[in-house]
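Here is how names work: the chains are called A, B, and so on, in the same order as the sequence lines, proteins then strands, and each is numbered from 1.
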Amino acid sequence: MFAIECHEVSKSFSDGFWWSKNRKVLKAVDKVSFQVAKGEVFGLLGTNGSGKSTLIRMLSTLLLPDSGTIRIMGLNIAEHPMAVREQINRVSVEAAFFKKLSAWENLSYSARLYGIHPGRNRERIAEILKRLGLPENKLDESIEDMSRGMQQKVAIARALIAVPPVLLLDEPTTGLDPVSKREVRSFIKEVRQDHATSILLTTHDMQEAEDLCDRIAVMSDGRLVQVGTLDTLRNLVLKPAEDKNTLGLEEIFFRLTGKSIYEEGMSHVS
Amino acid sequence: MFHSRRLKIGGMRELYAVMAFVERQFNLCKRYLGWEIVFLFYTVINTLTIAFIAVGMQKQGHAINPDYVFYLVIGALMWGFLGIIFHEISNSITWERWEGTIEQTFMAPIQRLTHLGGVCSFAVLYGLLRTIIVLVAITCFFGMGLPKANYAGAFLILGAASLSFVGLGLMAAILPLLSPEKGSQATHIMEGVLLLVSGIYYPVTALPEWLQGFAVISPATYALDGVRKALLEGATVSELLPTAAILVLMSLVFIPLGLGIFHLAETYAKRAGLLKRNG
């Protein structure tokens with residue numbers, strides 16, 4: 001059994017009524033198939049608008065696919081959404097909180113939703129935050145008074161309170177300073193090692209992807225271009241007489257998609 | 001490294017989640033305490049102003065029922081209470097969109113019934129608390145004496161009316177779910193129509209005939225009628241039972257209907273990609 005299993009998953013969005021002549025249909029995800037093994041860190045690379053976040057939102061049960069099948073820990077998300085939600089948590093690029101509430105109040109709210117008594121787990125929550133480089137005294141500080149980096153660390157702590165078997169990390173380190181990035185990365189490694197958590201990670205940070213991911217999937221225009229280990233991807237695009245070790249992920253991505261990872265992409269419109 | 005002590009899925013766990021919503025909302029009230037005080041002050045003043053309309057008419061020599069002050073005050077208090085329930089429930093989705101937490105809430109492993117139950121529980125508790133505070137302030141000001149009042153009967157009607165307003169709130173909550181931009185505006189229109197047709201400050205018979213039909217399907221009409229009969233005329237519980245029965249019947253229709261429509265709207269929102277932050 002895989003932790004995550006996507007089979008021919010597609011999702012389109014339209015910007016008008018079906019009878020409208022000017023209606024445009026945007027194919028955000030187009031017949032995407034891949035599997036993530038238990039305990040694996042699986043990287044999803046793509047430009048902005050390549051369909052990564054749409055895919056993550058489908059895995060999170062927030063979006064229904066138009067076609068295809070998604071299974072999380074063997075559970076079909078269309079048939080067992082509640083059971084799937086027990087298995088996952090997600091950190092999105094924008095840390096979403098009740099900004100006026102303190103970190104503790106936000107975490108306490110989230111813990112209750114996952115059936116965890118916040119009072120009895122305060123020490124554990126403080127420990128997670130400490131590991132992420134956030135001192136315990138910050139727990140009672142209002143989220144709006146925290147820096148973007150601190151907010152993101154609280155978001156990561158929130159996702160880990162329930163120790164989900166599957167973690168969806170949608171650009172978790174975007175906007176963090178280098179030290180915080182390092183702390184978060186090292187924590188992700190620790191979580192994976194200690195809990196065999198399966199992680200799906202999207203990032204624009206090539207170094208992060210190289211450092212954390214066992215396998216990497218390259219997405220472009222809603223389609224999965226290639227999936228493999230860094231070495232496999234490297235071998236696919238290696239030119240004759242080229243030194244393998246000089247080929248970074250950024251260049252591999254460019255050769256596979258014809259695009260820079262930093263460019264604004266858009267899934268195909270019809 | 002870390003070990004979670006999660007409750008198994010079931011009644012206790014869902015109760016935990018209901019508490020999460022209630023606690024969260026009261027925590028938000030504490031954080032917005034300044035605004036809470038301002039709104040409360042405004043509600044007290046607004047209720048007083050409405051009461052003074054009757055006092056003014058008496059002073060001008062109009063022959064009006066001496067209970068008219070209380071008639072208006074009860075209208076203002078009841079509308080305050082029911083309006084809060086409707087507003088809190090119908091805007092719960094807008095609020096989450098605005099804060100950006102809508103995705104976190106909708107991907108949490110809880111039943112939608114629990115989610116909405118939490119929102120509704122807070123709305124009723126909060127509405128009750130605010131109404132009691134306003135009532136105390138008004139009593140201090142006017143020294144309201146209601147010698148015939150049957151408070152038990154009034155609470156019976158209040159309870160039944162809360163349930164039917166929860167149903168209406170649930171139906172209104174789908175609007176912000178379907179339209180992030182215009183949904184919230186539409187809920188205010190719904191609230192306004194209820195205010196107009198339900199006989200809050202005047203008898204329903206004062207309305208043009210074509211509007212009186214809307215009053216029949218508004219639970220506020222029966223709630224107002226029942227509470228006024230209980231407090232002003234001292235109607236007994238048995239005399240109030242038919243009114244309470246209508247309200248319970250309405251809630252039995254509105255709540256399942258509201259939940260059903262909400263479920264359909266949620267499914268549509270998940271197809272159309274509308275479950276996301278806004279602003």
Task: Contact origin within A/Pro81 toward chain B - heavy atom pairs under 4.5 Å - done: neither
Open item on the list: Salt bridge or not between B/Glu103 and A/Arg85? Use side-chain N to carboxylate O under 4.0 Å.
Closed with: no
- [ ] Give a yes or no on whether A/Phe13 atom CZ has more than 12 heavy-atom contacts from other residues, nucleotides or ligands under 6.0 Å away.
- [x] yes
- [ ] Tell me, for B/Thr114 versus chain A, whether the close heavy atoms (under 4.5 Å) come from the side chain, the backbone, both or neither.
- [x] neither
- [ ] Please check if the side chain of A/Arg57 supplies one atom and the backbone of B/Leu275 the other of a donor-acceptor pair under 3.5 Å.
- [x] yes
Open item on the list: Could you measure the distance from the CZ atom of A/Phe97 to the OG1 atom of B/Thr101? Nearest 0.5 Å is fine.
Closed with: 10.5 Å
TODO: Using the side chain to side chain contact (heavy atoms under 4.5 Å, CB included) rule, take A/Leu63 and B/Lys270 through it: C-alpha gap first, then chi angles, then the decisive distance, then the call.
DONE: CA-CA 4 Å; A/Leu63 253 185; B/Lys270 283 181 178 174; 5.8 Å; no
Open item on the list: Measuring from atom CE of B/Met19 to atom OH of A/Tyr109, what distance do you get when rounded to the nearest 0.5 angstrom?
Closed with: 14.0 Å
Open item on the list: side chain to side chain contact (heavy atoms under 4.5 Å, CB included), that's the test. Do B/Gln104 and A/Asn89 meet it? Break it down for me.
Closed with: CA-CA 9 Å; B/Gln104 281 294 326; A/Asn89 215 314; 4.1 Å; yes
Open item on the list: According to side chain to side chain donor-acceptor pair (under 3.5 Å), does anything in residues 116-134 of chain B pair up with another residue at least two apart or in another chain? List the pairs.
Closed with: B/Glu36-B/Tyr126, B/Thr43-B/Arg130, B/Tyr126-B/Arg130
- [ ] Using a cut-off of under 4.5 Å on heavy-atom pairs, state which of B/Gly118, B/Ala20, B/Ala17 scores highest against chain A.
- [x] B/Ala20
Task: B/Glu23 side, atom CD; A/Arg112 side, atom CZ - distance, nearest 0.5 Å - done: 4.5 Å
Open item on the list: Checking A/His117 against B/Tyr16 for the side chain to side chain contact (heavy atoms under 4.5 Å, CB included) test, could you report, in this order, the C-alpha distance in whole Å, the side-chain angles of both residues, the deciding distance, and whether it holds?
Closed with: CA-CA 8 Å; A/His117 191 291; B/Tyr16 243 53; 2.7 Å; yes
Task: salt bridge (charged side-chain N to carboxylate O under 4.0 Å, His left out) assessment of A/Lys99 paired with B/Glu99 - done: CA-CA 7 Å; A/Lys99 302 278 192 298; B/Glu99 290 279 12; 5.4 Å; no
Task: Per-residue contact mode, B/Ala272 against chain A (heavy atom under 4.5 angstrom) - done: backbone
TODO: Check whether A/Ser102 gets within reach of chain B through its side chain, its backbone, both or neither, counting any heavy atom under 4.5 Å.
DONE: both
Open item on the list: Counting heavy-atom pairs closer than 4.5 Å to chain A, which one of B/Lys30, B/His115, B/Arg271, B/Glu266 comes out on top?
Closed with: B/Arg271
TODO: Measure distances from A/Arg158 to the heavy atoms of chain B and classify the residue's part below 4.5 Å as side chain, backbone, both or neither.
DONE: side chain
- [ ] For each of A/Ile88, A/Leu62, A/Val84, A/Asn106, tally heavy-atom pairs with chain B at distances under 4.5 Å, and name the one with the top tally.
- [x] A/Leu62
TODO: Please say whether more than 12 non-hydrogen atoms of neighbouring residues, nucleotides or ligands are located less than 6.0 Å from CZ in B/Phe41.
DONE: no
Open item on the list: Can you give me the closest heavy-atom contact between B/Gly100 and A/Ala96, atom names plus distance?
Closed with: O-CB, 2.8 Å
Open item on the list: Test your reading of the model: is there a side-chain donor-acceptor pair from A/Lys100 to the backbone of B/Asn27, 3.5 Å cut-off?
Closed with: no
- [ ] State whether A/Glu105 and B/Arg24 are salt-bridged, where the test is any N-O pair (Lys NZ or Arg NE/NH1/NH2 against Asp/Glu carboxylate O) under 4.0 Å.
- [x] no
TODO: State which residues pass salt bridge (Lys or Arg N to Asp or Glu O under 4.0 Å) with A/Arg148; sequence neighbours excluded, sorted by chain then number.
DONE: none
Open item on the list: Show the nearest heavy-atom pair for residues A/Tyr114 and B/Pro109, with the distance to one decimal.
Closed with: CE2-CD, 3.2 Å
TODO: With rounding to the nearest 0.5 Å, note down the distance linking CE in B/Met107 to OG in A/Ser92.
DONE: 9.0 Å
- [ ] Apply side chain to side chain contact (heavy atoms under 4.5 Å, CB included) to B/Arg31 and A/Phe98, showing your working.
- [x] CA-CA 10 Å; B/Arg31 289 290 182 278; A/Phe98 286 88; over 6 Å; no
Task: Over 12 non-hydrogen atoms of neighbours within 6.0 angstrom of CZ in B/Phe26 - done: yes
Open item on the list: If you compare all heavy atoms of B/Ile110 against all heavy atoms of A/Leu113, which two are closest, and at what distance to 0.1 Å?
Closed with: CG2-O, 3.5 Å
